[in-house]
Amino acid sequence: MLEPRQLNNITHPFIDSIYLKKEFGADISAGSLDILVIEAKRISTTASKEERDGLLLSFLADLDLIKDAVESKAGKFNRVDIKYC
């Protein structure tokens, strides 16, 4: 099993962790996909709706810049998964 590749120099107030992983499908001959995984920080339940919305909108507005920064440091990837728990 391949370990995810942690990316340490990509930061944003909404990002808790960001890494690249490989995903293999049922058809091994099809190869693998390189997936950028962004794990989002938990937003405080005491934050106002405006604060929560502002943080999310800021992240979405910066997503293309984040993807470009990852691609320039770590190479191309096929898909972005955003995890929020």
Side-chain angles (χ1 to χ4, degrees):
M1 178 177 197
L2 297 172
E3 292 293 318
R5 179 177 165 200
Q6 195 70 31
L7 302 169
N8 296 319
N9 295 330
I10 309 291
T11 61
H12 188 278
F14 191 69
I15 295 175
D16 186 47
S17 176
I18 186 167
Y19 56 91
L20 287 169
K21 71 174 188 173
K22 287 210 178 281
E23 183 176 278
F24 297 90
D27 181 8
I28 298 296
S29 65
S32 64
L33 295 175
D34 293 315
I35 312 297
L36 174 64
V37 180
I38 299 172
E39 293 183 354
K41 288 182 180 174
R42 298 276 302 152
I43 300 173
S44 171
T45 55
T46 60
S48 70
K49 181 181 180 329
E50 290 78 20
E51 289 173 311
R52 291 189 308 269
D53 288 352
L55 187 56
L56 180 56
L57 289 173
S58 168
F59 169 71
L60 292 174
D62 293 340
L63 187 55
D64 281 337
L65 295 173
I66 293 166
K67 292 185 327 187
D68 289 345
V70 169
E71 192 170 289
S72 71
K73 292 178 188 228
K76 293 200 177 282
F77 48 90
N78 303 96
R79 184 178 85 212
V80 177
D81 289 353
I82 301 171
K83 295 172 132 184
Y84 181 77
C85 301

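Values reported hereafter were calculated over all heavy atoms of this structure, with side chains retained and with hydrogens, waters and symmetry mates removed. Small disclaimer: the values here were computed from a predicted structure and weren't measured.
If you take CG on Leu36 and CG on Leu7, they are separated by 7.0 Å, rounding to the nearest 0.5 Å. Note that CZ of Phe14 is 10.5 Å distant from CZ of Arg42, once rounded to the nearest 0.5 Å. Distance check: Ile18 CD1 to Asp16 CG gives 11.0 Å after rounding to the nearest 0.5 Å.
Minimum interatomic distance between Ser32 and Lys22 (heavy atoms only, all atoms of both residues): OG-CD, 3.7 Å. Nearest heavy-atom pair across Gly31 and Phe24 is O-CD2, 4.1 Å.
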Donor-acceptor contacts, no H, no angles, side chain residues 77-85, under 3.5 Å, sequence neighbours left out:
residue : atom : partner : partner atom : Å
Asn78   : OD1  : Asp34   : N            : 2.7
Arg79   : NE   : Asp81   : OD1          : 2.9
Arg79   : NH1  : Glu23   : OE2          : 3.3
Arg79   : NH2  : Glu23   : OE1          : 3.1
Arg79   : NH2  : Asp81   : OD2          : 3.1
Tyr84   : OH   : Ile43   : N            : 3.4

Could you pull out every donor-acceptor pair under 3.5 Å between side chains of residues 61-74 and any protein atom, sequence neighbours left out?
residue : atom : partner : partner atom : Å
Asp62   : OD2  : His12   : NE2          : 3.0
Glu71   : OE2  : Lys76   : NZ           : 3.3
Ser72   : OG   : Ala69   : O            : 3.0

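When the side chains of ILVMFWY residues are joined at heavy-atom separations under 4.5 Å, either directly or via intervening members, Leu55 and Ile10 end up in a single hydrophobic cluster.
The only member of Glu39, Glu3, Arg5 that meets side-chain hydrogen bond (donor to acceptor under 3.5 Å, both in side chains) when paired with Tyr19 is Glu39.
Counting heavy atoms from C-beta outward, Ser17 and Gln6 have side chains that approach closer than 4.5 Å.
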